[in-house]
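Reviewing the structure listed below.
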There are 2 protein chains.
Amino acid sequence: MDLLLQFKVNSNLYLRDPESSILGKQIVRRSIDLIDELGFEQFTFKKLALEIGTTEASVYRYFENKHRLLLYILNWYWSYVEYLFLVHLQGIKSPKDRLIKVLEILSEPLPIGYGEVDFEKKKLVQIVIKESSKAYLVKDIKEINNEEAFKPYKELCSTIAQLIMEIKPNYAYPHSLASTMIETAHHQTYFAHHLPKLTDYSNHKGKNYTFDFLTHLVQSILNFN
Amino acid sequence: MDLLLQFKVNSNLYLRDPESSILGKQIVRRSIDLIDELGFEQFTFKKLALEIGTTEASVYRYFENKHRLLLYILNWYWSYVEYLFLVHLQGIKSPKDRLIKVLEILSEPLPIGYGEVDFEKKKLVQIVIKESSKAYLVKDIKEINNEEAFKPYKELCSTIAQLIMEIKPNYAYPHSLASTMIETAHHQTYFAHHLPKLTDYSNHKGKNYTFDFLTHLVQSILNFN
DNA sequence: AATTTATAATAGTATTACTATTATTTAAAA
DNA sequence: TTTTAAATAATAGTAATACTATTATAAATT
C-alpha cells in the first residue's frame with residue numbers, strides 16, 4: 001500500500017492496527033495479492049500466513065476473520081476514491097463536468113497517475129469489483145453497519161448525490177442514482193468481461209465500455225449532454 | 001415448489017434430478033427455507049440433512065455442492081420470471097406499457113397471484129436478492145458459464161433487451177440496461193432495507209420504492225412518460 | 001540484571017466439505 | 001414366488017477450514 005496515502009481506517013475493523021507493524025502491513029498487502037489470485041472464498045488465513053512466512057494465529061491477532069480483513073481493504077479503497085475525487089475535481093467548475101469525471105474515476109479499471117503503485121491498485125480494483133458485494137450481502141449486516149463499517153461508502157455516495165442535486169435539484173433519487181452508478185460500474189465491468197451476453201460490449205466501438213454506458217445513462221436521467 | 005409450474009432446469013446443475021424423488025423435492029424446498037434463514041455462507045448440507053431427517057451424503061447424491069444447489073434454485077427462479085413475463089405481458093400491446101409491467105414484476109417483493117405458494121416464493125425472492133451475485137462472482141465463472149448455468153438469466157436479459165429496442169431502436173446498450181434493471185431492482189431493494197443511506201427511501205411517499213426509482217430511470221433513458 | 005510488555009509460534013478443537021464403502025429397499029426376471 | 005439386480009440411502013470416515021488457548025521468545029523498561 002502506498003506510504004504517502006495513509007487513511008485512518010475504522011478501528012472497529014481490526015483487532016490490532018495493521019499499519020502499526022511490518023507484519024501488519026504485509027498482511028494487508030499480500031492479502032490483496034492472494035484474494036485477487038484465489039478469490040475470496042478460496043482465500044484463507046492459513047494460505048496468507050504461509051505466503052508471508054508467519055503463522056495463522058499471528059494473522060488472527062490483527063483481524064478477527066477474513067471478512068473483517070475484506071471490510072478493511074474496502075474501507076481503504078472507498079477512502080482512496082474519495083481522495084481521488086478531491087484531487088481530480090478541484091480544477092473543474094461545471095457540476096456536469098465534475099460528474100463526468102466522477103464516472104471516469106469509477107469506471108477506470110486502473111486509477112490514474114500513481115506510477116509504481118498502480119500494479120497493486122489494479123488488483124485492489126479487481127477485488128472491489130468481484131468481492132465488495134460479499135461484504136454487505138451477509139446475515140450480520142445490521143451489526144457490521146452499526147460498527148460504521150460502511151461509513152466511507154455512504155460518504156462517497158453522499159458526495160456523488162450532492163453533485164447530482166447541483167445538476168438537477170428537483171431529482172427525487174440522488175442517493176439511489178449514486179449507489180447505482182457505483183454498483184453498475186462494477187458489475188457492468190465484470191459482465192463485459194465474464195458474461196458479455198448481459199452487455200452490448202461485443203458491438204461497442206469506444207475504449208471504455210462501462211464509462212460510455214454510464215455516461216449515456218446519467219446524462220439521460222439528469223438531462224444534459 | 002409448485003407442482004403446476006415445472007420448468008426443466010439445466011441437468012448440468014444436479015447429479016440426480018431432484019424432481020424425480022420425494023427426497024429430491026424436499027432438498028430443494030427446505031434448502032430455500034434454510035438459505036433464507038441462515039444466509040448462504042452459514043447454510044450447509046449437514047444442517048439441511050438434519051432438517052429433513054436424512055444424511056449429508058444423501059444430499060450430496062443430488063447436488064455436487066451447495067453452490068450448484070444455489071444455481072439450480074436461481075435457474076428455476078429465472079425461468080419462473082420469464083414465465084411471469086409471458087403471462088402478464090400477453091394482454092398489453094404498447095411496448096412502453098409492457099416494459100413498465102416488466103419493472104413491476106422485477107421490483108415486486110412477492111410475485112402476484114399464486115395463492116398458497118406465495119409464502120415459499122417470497123423466500124425465493126429474498127434469496128435471489130441476497131445470494132444471486134454469489135453465484136456468478138466466483139473464481140470458476142468460466143467453467144460454470146460453459147455449462148450453460150446462466151442461460152435463463154441471459155434469456156431474461158435478452159427478452160427485456162428486445163422490448164427496449166422496440167421502444168428505442170437506436171439505443172446502443174439494450175442488454176446492459178436490461179441487466180442493470182435486474183441487478184438494480186435487487187440491490188436497491190436490499191439497500192432500502194439494510195443500508196437506507198445509500199438510497200432516498202426515507203423521504204419517499206410511494207408504496208414501491210424500487211419500482212418508482214427504476215420507472216423514472218428507464219423512462220428518462222428511453223425518453224417516454 | 002530483572003521484570004514487564006509486546007509479539008509470535010505451538011498445538012490444539014469444532015465444523016465444514018466431501019467421499020468410499022456398506023446396507024437396505026425396490027423392482028424386475030427367472 | 002423366489003432370486004437377482006438396480007436404485008437409493010446410511011455409516012463412517014478424511015482433509016481442510018476457521019478459530020483459540022496456551023506457551024515461548026524477543027524487546028523494552030526499570
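Every chain is numbered from 1, with letters handed out A, B, ... down the list of sequences. Worth knowing before you read on, the calculation uses all heavy atoms, side chains too, and leaves out hydrogens, waters and symmetry mates.
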Inset, instruction - Check whether any side-chain N or O of Asn10(A) sits under 3.5 Å from a backbone N or O of Glu148(A) as a donor-acceptor pair, and report yes or no. - result: yes

Shorter than 3.5 Å, N or O on both sides, protein versus nucleotides 20-26 of chain D: list them out with atom names.
none

Legend entry - Listed partners of Glu56(B) passing side chain to side chain donor-acceptor pair (under 3.5 Å), at least two apart: none

Inset, instruction - Send over the distance from His67(B) NE2 to dT16(C) C1', rounded to a whole Å. - result: 17 Å

Inset, instruction - List in numerical order all residues of residues 35-49 of chain B for which some heavy atom is under 4.0 Å away from an atom belonging to DNA chain C. - result: Thr44(B), Lys47(B)

Inset, instruction - Establish, yes or no, whether a centroid distance under 6.0 Å links the rings of Trp76(A) and Tyr80(A). - result: yes

Legend entry - Proximity of Tyr77(B) and Tyr153(B) rings by center, below 6.0 Å: no

Legend entry - Separation of atom CZ in Arg68(B) from atom P in dA17(C), rounded to whole Å: 16 Å

Inset, instruction - Measure the distance from CG on Leu15(A) to P on dA8(C) and round it to the nearest whole Å. - result: 13 Å

Inset, instruction - Could you name each residue pair satisfying salt bridge (charged side-chain N to carboxylate O under 4.0 Å, His left out) that touches residues 133-143 of chain B, not counting sequence neighbours? - result: Glu41(B)-Lys134(B), Glu131(B)-Lys134(B)

Legend entry - side chain to side chain donor-acceptor pair (under 3.5 Å) involving Ser79(B) - partner list, sequence neighbours excluded: none

Inset, instruction - Compare side-chain N and O positions of Thr54(A) against OP1 and OP2 of dA8(C) and report whether any pair is under 4.0 Å apart. - result: no

Legend entry - Ring center gap for Phe213(A) and Tyr201(A) short of 6.0 angstrom: no

Legend entry - Row check, Phe40(B) ring normal vs Lys66(B) NZ/CZ: under 6.0 Å, within 45°: yes

Legend entry - N/O (side chain, Thr55(A)) to phosphate O (OP1/OP2, dA9(C)) under 4.0 Å: yes

Legend entry - Cys157(B) side, atom SG; Phe191(A) side, atom CZ - distance, nearest 0.5 Å: 8.0 Å

Legend entry - For atom CG of Leu50(B) and atom C1' of dA10(D), their distance in whole Å: 14 Å

Legend entry - Spacing of Ile27(B) atom CD1 relative to dA10(D) atom P, expressed in whole Å: 10 Å

N/O contacts under 3.5 Å, protein versus nucleotides 5-7 of chain C?
residue, atom, partner, partner atom, Å
dT7(C), OP2, Arg16(A), NE, 3.3
dT7(C), OP2, Arg16(A), NH2, 3.4

Legend entry - Nearest atoms (heavy-atom pairs only) where Trp78(A) meets Pro152(A): CB-CB, 3.8 Å

Inset, instruction - Nearest whole angstrom, please: distance from the P of dT8(D) to the CG of Asp17(B). - result: 11 Å

Inset, instruction - Could you tell me if the ring centre of Phe45(A) sits under 6.0 Å from that of Phe63(A)? - result: no

